[in-house]
Amino acid sequence: IILIYFFHLTLIFLNCTPGRCLSRFDSSDVGNTTTLLLSDDGDTLFVGARNAVLSLDVSQEDAIVMRSKLDWSPSEKDLDECSMKGKKKTDCPNFIRVLQFLNSTHMYACGTFTFSPRCTYIVRYYFLLHPEEGRGRCPYDPYQRNSAITVDGELYTGTVADYMGNRPVISRHLSEGGHVDLKLDDTLGWLEDPTFISSNFVPSEEKIYFFFSEVGREYDFIDKFTVSRIAQVCTSDVGGQRTLQRRWTTFAKAQLLCQSDNELPYNVIQDIVTLPPPEGAPVDDTLFFGIFSSQWSVNSGQSAVCAFRLGDIKAVFAGNYKVLNRDTLRWSMRVQEKVANPGECGLHNASDNTLRFVKENFLADDSVHPVGRSLTMVSPDQRYSHVVTQRVQAANGKDFTVLFLLTESGYLHKAVLLEKGAHIIEEIQVFEQPQPVKNLLLSISKGVVFVGSSEGVVRVPASNCSYYWSCAECVLSRDPFCGWDPSVKVCTHANSIQDNVGQDVEGGNVQEACASPMPKFRFGLNKGKADSFPVGELVSVSLNEVVRLQCPEASSLAHRHWERPNSRLSPDLYLQLEDGSLHFLATPATLGHYLCLSTENGFQQNLAAAPGMMTTREKLLLGQTYLKELVVVSVLLACCVSVLLTMALYSVRQRCRSRTAPQTNTPGRDSERGGPQEREALRGGQSPCSNGMRNGQMAHNGQANGVVCNGTPRGSNGHLPNTPI
Ligand SMILES: *[C@@H]1O[C@H](CO)[C@@H](O)[C@H](O)[C@H]1NC(C)=O
Ligand SMILES: *[C@@H]1O[C@H](CO)[C@@H](O)[C@H](O)[C@H]1NC(C)=O
Ligand SMILES: *[C@@H]1O[C@H](CO)[C@@H](O)[C@H](O)[C@H]1NC(C)=O
Ligand SMILES: *[C@@H]1O[C@H](CO)[C@@H](O)[C@H](O)[C@H]1NC(C)=O
């Protein structure tokens with residue numbers, strides 16, 4: 001084995017899309033950066049990658065800098081042997097799957113190492129010590145999931161312990177002194193083909209909880225029914241003296257049920273995280289937020305999020321246990337007398353009789369139900385793969401739970417849990433391509449979410465309040481991180497605002513939260529200032545061209561529609577599309593002012609305005625002071641042009657009438673109804689709208705036409721990049 005250690009710096013680039021700047025680390029010589037571990041101060045991110053352990057400096061806001069890279073690759077000979085055993089060459093490298101802090105000077109890492117797992121100490125983060133066998137600590141197959149956690153220098157793992165992947169174990173390693181390494185007794189089928197998801201230490205209970213899915217043998221009426229489980233062991237466990245020697249005496253498991261009444265359960269756990277209780281609340285209020293998918297095709301495209309309370313979990317483990325009838329291989333509720341409490345800590349010098357009882361009674365009779373016996377949320381249309389969570393105090397002192405959920409297609413959803421359900425605040429595109437193996441890590445102190453994947457590590461700021469340009473947008477976002485600062489008129493981090501914070505996470509009531517919710521309507525083309533509202537724009541068009549006015553999307557919950565002052569838009573003449581745009585033919589009658597209104601949560605606001613269109617080819621840039629003049633000039637010009645046009649068209653019509661049917665529409669009142677061709681052109685697939693324009697820009701005969709407040713461009717598969725949804 002060749003272990004080299006070297007030191008180099010790589011500066012990583014910043015990748016900005018509307019709303020978010022993501023810093024990305026991806027280096028061509030390191031891949032599969034999926035195991036993440038953050039230092040206590042939040043400044044260093046340790047990454048388990050392919051053949052390497054990296055330490056990344058993440059203390060700067062706009063860059064990720066590689067501090068060091070520990071190379072830990074198999075030799076050519078090892079790799080050759082691996083492919084001779086029939087494994088794919090690309091699966092043979094050393095994929096680091098366990099990375100943990102042991103103490104202030106040592107880390108511990110394990111990798112798959114050519115389907116022959118190895119582990120090693122890492123001293124002061126820079127030196128690898130002699131690797132040892134990693135059986136039972138790390139999977140053989142890089143595609144198998146595992147879990148690992150260290151408590152007091154001991155390593156607790158859930159993984160498979162053989163090459164074929166048939167021997168799952170939950171075990172303890174690196175024990176010293178009076179503690180011994182422990183594992184599961186595998187004579188009784190304590191685990192049934194599990195997929196390990198994660199593990200968690202609850203100090204007040206002195207217990208480690210393991211989360212996984214497995215075959216639910218107690219449901220023998222359904223073939224291969226998958227159930228999600230929580231299992232527990234005590235950190236004080238030292239095994240039995242005769243019975244259960246060097247085996248867990250405190251192992252117990254229970255079903256985690258993510259199901260709402262009378263619906264099929266979301267039965268396959270994908271990820272789970274812990275949310276500590278609010279300050280001053282009992283430890284039993286600790287919550288576990290899990291993502292579950294379903295085995296059934298009815299809801300296969302979706303995921304559910306369920307929350308489980310520690311108090312409920314403890315109650316289930318303290319209750320009755322099922323018993324396996326060895327003749328029929330059926331599980332039933334125990335009827336005999338209870339000899340001991342399975343799952344109880346401190347059974348090491350219990351009698352053989354007691355230990356035999358706990359050995360056989362390890363499956364809790366009751367299931368752990370989610371908080372409120374209902375789902376916390378269901379994903380809108382894609383499956384979630386990973387979750388992290390945080391409690392955020394809103395300006396009014398109330399706590400809100402914020403979830404960051406990674407979709408399988410590479411988007412990050414930020415959701416806040418409100419009394420009437422979850423509200424998705426925004427959707428951020430993290431990856432262009434869906435990534436199979438991922439990891440998510442939240443740094444609360446730095447306010448960022450790290451995403452580790454096959455491609456690299458991405459840092460996503462947890463919020464960007466300056467994205468919301470008005471008080472109304474700021475309040476409607478329901479983002480507990482953000483509030484409107486009325487003194488400087490910006491949406492900013494709520495805890496940096498002195499007083500009168502404009503925020504209403506629960507109600508989203510703009511009228512109450514904003515003193516003057518609407519910024520003054522302004523003329524001009526000064527786009528791009530964070531605190532300015534998208535202003536009206538003057539659009540120049542040629543007569544008889546198709547005009548498309550874009551309305552920026554503030555939120556997908558908002559309903560948008562266009563109006564003209566003092567008149568409704570006739571559907572014969574105007575086409576209002578789902579995406580908020582307005583299409584119509586430029587005729588003298590359609591010149592004028594247009595306003596896009598957005599209604600959300602009962603609050604209406606102007607999003608865009610097209611103040612007057614001119615029949616010139618050039619765009620006019622006008623300041624506010626010329627507002628009145630502009631209107632007068634526009635009206636006069638419009639009148640002149642209409643009169644001229646009316647006359648011209650009238651004479652054309654007279655001439656045409658003698659030949660064929662009329663081709664042109666009479667302007668003025670008649671044109672409000674529009675000619676048949678015109679309507680056809682606006683609606684039909686052959687319309688100039690559908691082939692001549694992209695992103696609100698018209699490429700029609702090469703004539704540049706103005707666009708009103710260009711909306712956010714759409715990314716692929718219909719998602720809005722980084723826009724609140
Ligand atoms: C926040 O959003 C604004 C406006 O879209 C953008 O200019 C800025 O770069 C973003 N900042 C971050 C840190 O993402
Ligand atoms: C950290 O753990 C290693 C390995 O068990 C041990 O050799 C070392 O002395 C420990 N260091 C401290 C400071 O406890
Ligand atoms: C229980 O075991 C501990 C060692 O683990 C021992 O010190 C103690 O004496 C034992 N207690 C009894 C009652 O056997
Ligand atoms: C490693 O990354 C590559 C893409 O870079 C991916 O195809 C492969 O599946 C990954 N392997 C594992 C074991 O995650």
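Whatever order the structure lists ligands and atoms in, that order sets their numbers, starting from 1.
Within 6.0 Å of CG in D162 there are more than 12 heavy atoms belonging to other residues, nucleotides or ligands.
Short contacts between ligand 2 and N103, defined as distances under 4.0 Å to a heavy atom of the residue, involve ligand atoms 1 (C), 2 (O), 3 (C), 8 (C), 10 (C), 11 (N), 12 (C), 14 (O). Taking a cut-off of under 4.0 Å to the non-hydrogen atoms of F95, the atoms of ligand 4 that pass are 11 (N), 12 (C), 13 (C). Listed by number with element, the atoms of ligand 1 under 4.0 angstrom from any heavy atom of S466 are 1 (C), 2 (O), 3 (C). Heavy-atom contacts of Y121 reach the following atoms of ligand 2: 4 (C) (cutoff under 4.0 Å). Near N464, with a cut-off below 4.0 Å to any heavy atom, the atoms of ligand 1 are 1 (C), 2 (O), 3 (C), 8 (C), 10 (C), 11 (N), 12 (C), 14 (O). Within the listing of ligand 1, atoms 5 (O) sit less than 4.0 angstrom from a heavy atom of Y467.
Using a 4.0 angstrom heavy-atom cutoff, L102 does not count as in contact with ligand 2.
When P142, S454, P93 are checked for heavy-atom proximity to atom 13 (C) of ligand 4, P142 turns out nearest.
Ranking the protein heavy atoms by distance from atom 7 (O) of ligand 2 puts H106 NE2, 4.1 Å first. When only non-hydrogen protein atoms are considered, atom 3 (C) of ligand 4 lies nearest to N32 ND2, 3.7 Å.
In this structure, cysteines C482 and C474 have SG atoms that are not closer than 2.5 angstrom. Taken together, the cysteine pair C119 and C138 keeps its SG atoms at least 2.5 Å away from each other. Disulfide status for C491 with C471: absent, SG atoms not under 2.5 Å apart.
Using a 30° and 60° split on the angle between ring planes, F404 and F481 fall in the tilted class, from 30° to 60°. Between F113 and W72, the two ring planes are tilted [angle within 30° to 60°].
The closest side-chain donor-acceptor pair between N32 and T34, if any, does not fall under 3.5 angstrom. Checked by atom type, the side-chain pair S116/T114 shows no donor-acceptor distance below 3.5 Å.
Of the N or O atoms in E176, none lie within a sub-3.5 Å distance of an N or O in ligand 2. Checked by distance only, ligand 4 and R50 stay at 3.5 Å or farther apart across all their nitrogen or oxygen atoms. Backbone and side-chain nitrogen or oxygen atoms of C21 are examined, and one is located within less than 3.5 angstrom of a nitrogen or oxygen of ligand 1.
Atom 9 (O) of ligand 2 is never approached by the protein to below 4.0 angstrom, counting heavy atoms only.
Two rings, from F196 and F212, have their centers less than 6.0 Å apart.
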